[in-house]
Amino acid sequence: MIDALKWRYRLAEARSLLEAERLIILNGPISDIAKLDARRDRVEGYLSELPETLSDQMRGAIEDLSQRAHDNQRLLKAYLDGAKMAADRLVKMAEVQENLGAYRQDGSRVTAPSKSGAQQHRF
């Protein structure tokens with residue numbers, strides 16, 4: 001009985017950890033997820049020691065944890081995919097910016113004056 005209570009507490013702690021991770025993924029900053037490393041290590045240690053006899057009794061709680069972990073993984077993948085898309089977009093914008101400029105009537109590009117030289121002023 002006491003063993004079952006201990007494991008209910010540990011499974012509740014794992015659920016709380018997964019909820020904290022979810023909130024960080026959704027609300028950021030994502031760097032805060034590293035602050036949960038020690039807690040995550042402790043919970044993973046607990047879960048690896050769950051006796052087979054208790055795992056049958058707590059199947060619902062374990063399935064809930066598994067689903068939450070899967071959901072967090074899906075959210076994190078979406079976050080990373082979005083960050084990659086944003087980085088790719090910034091690269092494309094930089095490439096476009098390099099090609100912007102002034103052109104002569106014959107289509108040749110006007111080179112910009114060097115930044116180190118004196119500025120030209122038109123009056």
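Residue numbers start at 1 and run along the sequence shown.
The structure places CG of Asp88 at 13.0 Å from CE of Met93, a figure rounded to the nearest 0.5 Å. Rounding to the nearest 0.5 Å gives a distance of 14.5 Å between NE2 of His70 and CG of Leu65. Atoms CZ and CD1, on Arg74 and Ile25 in that order, are 10.0 Å from each other to the nearest 0.5 Å. Distance check, rounded to the nearest 0.5 Å: CD1 of Ile24 to CG of Leu75 gives 12.5 Å. With rounding to the nearest 0.5 angstrom, the CG atom of Leu26 is 11.5 Å from the CD atom of Glu21.
The shortest side-chain heavy-atom distance between Leu47 and Leu11 falls under the 4.5 Å cut-off.
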Legend entry - From CA spacing to verdict: side-chain contact (heavy atoms from CB on, under 4.5 Å), Val110, Tyr103: CA-CA 5 Å; Val110 176; Tyr103 294 86; 5.8 Å; no
Legend entry - Full working for side-chain contact (heavy atoms from CB on, under 4.5 Å) between Ile33 and Arg40: CA-CA 10 Å; Ile33 212 158; Arg40 187 179 308 104; 3.9 Å; yes
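Tracing side-chain contacts under 4.5 Å through hydrophobic residues (I, L, V, M, F, W, Y), one never reaches Leu17 starting from Leu23; they form parts of separate clusters.
Contact detail for Val43 and Ala14: the closest heavy-atom pair is CG1-CB, 3.4 Å.
Arg109 contributes no side-chain N or O that, together with a main-chain N or O of Ala102, makes up a donor-acceptor pair within less than 3.5 Å.
Among pairs with a residue in residues 7-18, those fulfilling side chain to side chain donor-acceptor pair (under 3.5 Å) read Glu13-Arg42, Arg15-Asp64, Ser16-Arg39, at least two apart in sequence or across chains. Pairs passing the salt bridge (charged side-chain N to carboxylate O under 4.0 Å, His left out) check and including a residue from residues 51-61, sequence neighbours excluded, read Asp56-Arg59.
Summarising the local packing, CZ of Arg104 is surrounded by more than 12 heavy atoms from other residues, nucleotides or ligands at distances under 6.0 Å. The environment of Glu19 atom CD is dense: over 12 non-hydrogen atoms of other residues, nucleotides or ligands sit within 6.0 angstrom.
The pair Asp71-Arg68 does not meet the salt-bridge criterion, since no charged nitrogen lies less than 4.0 angstrom from a carboxylate oxygen. In this structure, Asp81 does not pair ionically with Lys84, as no charged nitrogen and carboxylate oxygen lie closer than 4.0 Å.
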